[in-house]
**Q** 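So that we are looking at the same thing, I have put the structure below in structure tokens.
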Amino acid sequence: MAMLSATGITVEFGGFRALDDMSLSLESGSILGLVGPNGAGKSTMFNCLTGIVRPGVGQVILDDTDISQWSVHRRARAGIGRAFQTPRVDLDATVLEAVLAGVGPRAHETLLGALLGSPWVLRQEKRFRQDVRQLLERLNLGDGRQIAGTLPAAHLRLLEVARVLAGDARYVLLDEPAAGMDESDRAVLANTLRGLAQQGIGVLIVEHNFPFILSLCDRILVLSSGTVIADGNPQEIRANRQIAKIYLGQAI
Amino acid sequence: MSTFAEFVLNGIFLGVLYSLVAIPLTSIWTTTDVIDINIGGYATVAGIIAATLGGIVGIILGVFAAAAMGVITGALFYLFHKISVIKDPITIVLATFGLLFATTSAVQAAVGTDSHFVPGLTSIFLVSGTHISAQGILNLSIATALFIVLAVTMRYTLIGLKMRAAALSTQSAELIGVPVRTVQITAFIAGAAIAGAAGILAAISVGISYASATQFTIFAFTAAIICGLKGPTTAFCGGLLLGVIDSLSAGYLPSGWSALVPPLIIFAVLASGRAGLSVSKARA
Amino acid sequence: MNTGNLAATLAVRHRAVLGFALAAVVTMLILGQQNTAYATATSILIFSLISIPLALIYGHGGIVSLCQATFAGMGGYATAILTVNYGWSAWQALPLAMAVPGVLSFAVSRPILRLPLFALVLGTVAIGEAWSFGVSAAGDTTGGYTGIYGIPGIPLATDDRQAFVVIVIMVAIMIILFENFTRTARGRALNSIRVDPTMALSTGTNVAHQRSIAFTFAAAVAGAAGWYFALYTGYISPVSLSFNQDAAVIFMVVIGGRRSSVGPIIGAAIYVLFGDLLPGGVVQGVLFGAVLILILLFMQDGIVSIGSPLIRKISNNMRTTKSDQCKTQEYTVQGSGHGDA
């Protein structure tokens, strides 16, 4: 079964329980939304899936393999791509170079090959650059020669997403990619993500923009205080009045 | 033929000097996120000035010179934060390295490569078969006194409170009205002065030369991290511990090899991962 | 069109080494067959060979190594011991001159590079101190404080100019390796390690391992520089390549250009020439310290970066206008109902 899943994850920081027996499964080709108030544990969940945080209890499973003990970079190379809430980008580099930073998982050159500039390495480089240029075009990020630091915040977020996509990830984890975007950028993003799902890539997206999530996702998980309090398709979630109460801060 | 007890005692007497350079190193680190690689330079300059000018005047001027160097470092620190976008935290550390380089060259050019001494106490007591130097007792007393003054200042005075606040978190300290930049520059100046005192005591006990700047920095750093780079108290204990280890290895290892001990300790502590060097404490 | 692009890419990639080769050829034409100035030029290039790898690991990778010259010293001592004490030929000694610092640096890199970079700075200073003391103390093998004399000369070189050619070739090779490496995924990974190690991890880079590899590579190249140094001067001692040179090398990289393959050469030239021309002692030390600090304050990417920001700024201004125009067009398309919901 092609899927990235977390089962029974419990994470404690000091005395604080960030995730409490939480489970999640992201199927390939689907778009899963993760919503919840701040501090609900969404970023922690991401960190568990990518390996930055090792849960005290629980497992992370990638396509039937238990990857709970795998390092962050090994999981990245296995096809898990992650966009951070605050874009982590080399602001001094050009957009092209910044996005190229994401092709790491696809690059298999040896040290010697890189030092000597072997034909194989040069060809691989050329292919990467072509792919990234096409990616930039699809996302309306320009020709890539602009310096990343000069981009407005919303485009930086798009750049962050582009970097993840450049790595040909099979499971893409996006942490609030649409924050601060206007209609047209969001539309581009939504189209891109739907396209990814059609190609068989699993997309896990955290967002606060409810209409966006409802229109995009196949399934939505609602998180609060480290546990899942609702799980269903967009219609079910929209009809669930308890969630609105949690989001608006009133007691249940 | 020195006894084991004598090695240990001499180690303590020398170790307090390491403590006196290690303490300002940790204070500067916790308040500014900078490892001042020129900490040994302050000590060396003070020691050289005290040795060449002589007398009480020399000693006082030595401490002042060290403090003046601290002003320069503090000003540089301020300039860096004001002028450049600090993308690279190592930048300021490299700058202090430049200062160390300049200090070493300047001292070498001014007084050559010989060791210089400040006359001190020469009497040696004999207590149940163990020789104890009076100067050593003086070193220990002065260092302990300085440490106590520092500890009391940090704990019970307003300026101490501000320094601890800034050390804990510069952002939070700013929010509650602590003049963080002033505190930081004070840390540099006071730290340099204390290191200067250490240099003068060293000039009395073991002599000081142009090469002392680097060596003192290495000792300061080693002493600071042995018990974890946390604060003045651990630095003080670290210095004593290092002094004893150093003394024992000088006594029992074949000649020349004992100089390897501090660098090797640095490796061991760094490798163990317990050096307490995670950055961003001050930026939390 | 494809071959044209390939040629263009090759040209950019190799313009650094071509420029360097040109400068070297011009120098040889000017200095002729015999000239005492070859010693200065060779000295500059020996320092360059030690510094250029530092630009790679520090400028791109953020690894501040204050013991590159020490690694060169290790290579020099290996060369000296093997040729003088054991009668090896210079060529036979070269692999070991690179392997000794390589292995040693790799062994200490793992524990040290894991930690924040402050630890690294002082850790490398400690390496330098440890080597310096160790070499002085191990009198029997290393000649103690006096060092080792009588090292044979550079192979294949019968005069200063031919020896110069050898170091030119070595530096040229290093420049090529540098320019190749920084244009690949591994090079970008090293850059990512400097900019944001978490991002580097998330893009599949084994940060700790790559840092070690980089550190080791720089040490091995320095070892080769030490090999040449020992053969060229015929003599090595604990102070030949020690703390003063460790400091000088970082100075060269910072001042010349810490992200550039030729910047360190400029820095080395400044260091050697000013050292020769300026009165010794205080002035040199204080001046170098001051210049280092000024560069760190105002020109963090060194002298070679002077041209680029200006050019970039101009072309950016031109480009931003263009992308603004595109944006306006998008909105127009949106307004006429062609856009997506």
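Residue numbers start from 1 in every chain, and the chains themselves are labelled A, B, ... in the order their sequence lines are given, proteins ahead of strands.
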**Q** Name the region of C:N206, side chain, backbone, both or neither, that has any atom closer than 4.5 Å to a heavy atom of chain A.
**A** both
**Q** Go through the side-chain N and O atoms of C:R194 and C:N191 and say whether any donor and acceptor fall under 3.5 Å apart.
**A** yes
**Q** Side chains of A:S43 and A:D175: donor-acceptor distance under 3.5 Å anywhere?
**A** yes
**Q** Under the side-chain contact (heavy atoms from CB on, under 4.5 Å) criterion, do A:L189 and A:M181 qualify, and how do the steps go?
**A** CA-CA 10 Å; A:L189 179 63; A:M181 280 188 187; 4.2 Å; yes
**Q** When you compare the side chain of C:F106 with that of C:F217, does any pair of heavy atoms fall below 4.5 Å?
**A** no
**Q** Count the heavy-atom pairs under 4.5 Å between each of A:L116, A:V188, A:T50 and chain C, then report the option with the highest count.
**A** A:L116
**Q** Quick check on the interface: out of A:G142, A:A114, A:A98, A:G117, who has the most heavy-atom pairs with chain C under 4.5 Å?
**A** A:A114
**Q** For chain C, which of A:L100, A:V72, A:V89 has the most heavy-atom pairs under 4.5 Å?
**A** A:L100
**Q** Is it the side chain or the backbone of A:Q124 that comes within 4.5 Å of chain C heavy atoms, both, or neither?
**A** neither
**Q** I'd like to know if the side chain of A:R138 pairs up with that of A:N191 as donor and acceptor (distance under 3.5 Å, no hydrogens or angles considered).
**A** no
**Q** Taking A:L91, A:V164, A:D90 one by one, which has the highest count of heavy-atom pairs under 4.5 Å against chain C?
**A** A:D90
**Q** With a strict 4.5 Å heavy-atom criterion, list every residue of residues 101-111 of chain A that contacts chain C, or say none.
**A** A:A101, A:G102, A:V103, A:G104, A:P105, A:A107, A:E109, A:T110, A:L111
